[in-house]
Number of protein chains: 2
Amino acid sequence: MAKQKKAELDLTTEEKIKEAAIVVFTKKGYGNARTRDIAEEAGINLALLNYYFRSKEKLFEIVMAERVGKLFSVLGPLLYDETTSLDEKLDRIVDNYITMLLEHPELPIFVLSEIRNSPEQLANRLNARQHLTESVFIKQLAEKRSDISPIHFLMSLLGMTLFPFIGKPVLQPLTGGEDHYKAMMEERKKLIPKWIKLILEEG
Amino acid sequence: MAKQKKAELDLTTEEKIKEAAIVVFTKKGYGNARTRDIAEEAGINLALLNYYFRSKEKLFEIVMAERVGKLFSVLGPLLYDETTSLDEKLDRIVDNYITMLLEHPELPIFVLSEIRNSPEQLANRLNARQHLTESVFIKQLAEKRSDISPIHFLMSLLGMTLFPFIGKPVLQPLTGGEDHYKAMMEERKKLIPKWIKLILEEG
DNA sequence: AAAATATTTAATCATTTGATTAAATATTTT
DNA sequence: AAAATATTTAATCAAATGATTAAATATTTT
């Protein structure tokens, strides 16, 4: 392989293919996504796609691993930060998460499609069990409210945050245009922590 | 076509095929689902599947329409009930919804897969806009808290309720076995209304 | 310029898969 | 039993699609 050219702002061909793969995989799902579509979306041809990534499956695995990695490179450090309070963590987790999702709104549905194919693999990648038992975030939660199940708490926090992105295709028509939708998500950055803190204070 | 036999508890062949279709479509996604798999799952053969439903696409449409219908036959009447208070509605909506989802846990992911294929069609089927402007539920919400955006409110309510089912493959390993997971969902029937009411009271 | 690398073009393969068909067998209904 | 209906078996089609190849052209690097 090779990777030169990178003319100014342009992406490397490898990057172009990966970006195109995400677009097409997200829109069509793995099974419906055709390598020809991906090549077209990337502005290159089928032969080159296979030249770079050998197969559709390999391309998918690479792209998925990268995205899941990005997902947790944003969240991971926040969960283990010893220097911030629980309330501060809530603010930052929701803010960073939504910011990242606004930049990559396709990510939840894309990752979700992976669930079907190999759920245990995704669970392992996410290291969920470890975060649940070892993270500072969960410990701080237990200190404050030992009576609240961390899983229930997380389901609610993640549900409130992720659901608008998962259901976007159905929800957006209700809110108005794309800009309006983004504005709502910005609002949620403040709303969700505010509401979650209510649960912590009085639930 | 024909539909007799229905020996005792057994399903009609047509029903068996539809049930099998849901299982396979949910597990594999539309594109990855093979009609041969569906036939095998139903315990019949490919020729018969096409004899009954003519094509894979028709089978999918029929099955999807039925499920979406079921989804809202549960929720619809509650939203428009003039005789119950907002708090009572919250209790019942969450309870009925989770009860139904426990019986059909595959439904959210199945319906979600439809989003990709034809989001506007799903939005229309759900009549979301109408419910948002005309339902008693939303009117009661506006009376109580005109300062809370109904969409934000719904995103949170639905997110808290649906997300555990969408993310089940990843979340369940964290909670223990299937029974434990169901027990958690039963707990949520009380938790979610309790937490949502906090928002209504003090958010 | 020469060499190395990247990309395209175009043709072709093999496999998968949705769909169809006809004939045989089973089951239910009349 | 006869007729109608349901289901299976087995073979086959045609289209879609992932993958490969070789040769031509373009671009970058040395």
Side-chain angles (χ1 to χ4, degrees), chain A residues 1-64 110 113-114 116-118, chain B residues 1-64 110 113-114 116-118:
Chain A
M1 300 205 197
K3 57 176 78 174
Q4 278 79 12
K5 195 157 93 174
K6 201 185 289 187
E8 269 71 22
L9 298 175
D10 288 44
L11 297 165
T12 240
T13 298
E14 203 177 324
E15 281 300 326
K16 280 195 293 187
I17 296 174
K18 290 198 284 193
E19 291 298 326
I22 289 170
V23 170
V24 178
F25 281 138
T26 301
K27 185 153 60 185
K28 305 282 194 80
Y30 179 82
N32 284 321
R34 299 183 312 169
T35 50
R36 284 164 169 82
D37 292 337
I38 296 173
E40 188 185 1
E41 175 81 27
I44 55 97
N45 59 44
L46 180 56
L48 195 60
L49 184 149
N50 282 295
Y51 169 64
Y52 268 101
F53 291 96
R54 179 73 185 173
S55 77
K56 180 185 178 182
E57 200 184 345
K58 287 230 174 66
L59 172 58
F60 181 79
E61 282 170 13
I62 288 169
V63 148
M64 172 60 67
F110 178 59
S113 72
E114 169 78 335
R116 262 204 293 249
N117 303 330
S118 52
Chain B
M1 301 205 196
K3 57 177 79 172
Q4 278 78 13
K5 195 156 90 175
K6 202 185 291 187
E8 268 73 21
L9 297 175
D10 287 45
L11 298 166
T12 240
T13 298
E14 201 176 326
E15 282 299 326
K16 281 196 291 187
I17 296 174
K18 289 198 285 193
E19 291 297 326
I22 290 169
V23 170
V24 178
F25 281 139
T26 302
K27 186 153 60 186
K28 305 283 193 79
Y30 179 82
N32 284 321
R34 298 180 315 166
T35 50
R36 285 165 170 81
D37 293 337
I38 296 173
E40 189 185 3
E41 174 80 26
I44 55 98
N45 59 45
L46 180 56
L48 195 60
L49 185 149
N50 281 294
Y51 169 64
Y52 268 101
F53 292 97
R54 178 72 187 173
S55 77
K56 178 185 179 182
E57 199 183 345
K58 286 232 174 66
L59 172 58
F60 181 81
E61 280 170 13
I62 288 170
V63 148
M64 171 62 66
F110 178 60
S113 72
E114 169 78 334
R116 261 205 292 250
N117 304 331
S118 52

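Quick note: numbers below take in every heavy atom, side chains included, and nothing from hydrogens, waters or symmetry partners. Since the structure is predicted, the reported quantities are computational estimates derived from the model, not experimental observations. Lettering follows sequence order; numbering is per chain, from 1.
Annotation for N32(B) and G31(A): closest pair OD1-CA, 3.0 Å, computed over non-hydrogen atoms. Shown here for L48(A) and I17(A), the closest heavy-atom pair between the two residues is O-CD1, 4.5 Å. For the residue pair E57(A) and Y30(A), the shortest heavy atom distance occurs at CA-OH, 3.4 Å. A39(B) and L49(B) make their closest contact through N-CD1, 4.0 Å (heavy atoms, listed as atom of the first residue, atom of the second, distance).
Distance from the side chain of I44(B) is smallest to dT8(D) among dT17(C), dA19(C), dT8(D). Set against dA19(D), dT17(C), dT20(C), the side chain of N50(B) has dT20(C) as its closest nucleotide. Comparing atom distances between the Y52(A) side chain and each of dA19(C), dT7(C), dT9(C) picks out dT7(C) as nearest. The side chain of A47(A) lies closest to dT21(D) when the candidates are dT21(D), dG18(D), dA19(C). The side chain of T13(A) approaches dT7(C) more closely than any other nucleotide in the set dT7(D), dA19(C), dT7(C). Among the nucleotides dA10(C), dT12(D), dA19(D), the one closest to any side-chain atom of R36(B) is dT12(D).
In terms of position on DNA chain C, the residue among K56(B) and G43(A) whose nearest nucleotide sits closer to the 5' end is G43(A).
Contact annotation: N45(A) side-chain N/O to dT7(C) OP1/OP2 distance is not under 4.0 Å. Between T35(A) and dT17(D), a side-chain N or O to OP1/OP2 separation shorter than 4.0 Å is absent. Phosphate proximity of dG18(D) to R54(A): absent, as no side-chain N or O sits under 4.0 Å from OP1 or OP2.
Regarding N32(A), its CG atom lies at a distance of 14 Å from the P atom of dA16(D), rounded to whole Å. One atom, CD of E57(A), and another, P of dA19(D), lie 8 Å apart when rounded to the nearest Å. Across the protein-nucleic acid pair, E15(A) atom CD and dT7(C) atom C1' stand 18 Å apart, rounded to whole Å. Residue Y30(A) contributes atom OH, which lies 14 Å from atom P of dT16(C) at whole-angstrom precision. Atoms CZ (R34(A)) and C1' (dA15(D)) sit 12 Å apart, rounded to a whole Å. As rounded to whole Å, 10 Å separates atom C1' of dA4(C) from atom OH of Y51(A). In this structure, L48(B) places its CG atom 16 Å from P of dT21(C), rounding to the nearest Å. Taking atom CG of L46(A) as the reference point, atom C1' of dT7(C) lies 13 Å away to the nearest angstrom.
A stem is defined here as three or more consecutive Watson-Crick or G-U pairs, each with both distances under 3.5 Å; for DNA chain D these stems are C:1-30 with D:1-30.
Using a 4.0 Å heavy-atom criterion, one finds that A39(B) contacts no nucleic acid atom at all.
The backbone N or O of A33(A) lies less than 3.5 Å from a partner atom in the side chain of K56(A), making a donor-acceptor pair. The closest donor-acceptor contact from the side chain of S55(B) to the backbone of K58(B) lies under 3.5 Å.
Classification of E19(B) and K16(B) as a salt-bridged pair fails, no side-chain N sitting under 4.0 Å from a carboxylate O.
Taking the six-membered ring for Trp and the full ring otherwise, F53(B) and F60(B) have centroids separated by 6.0 Å or more.
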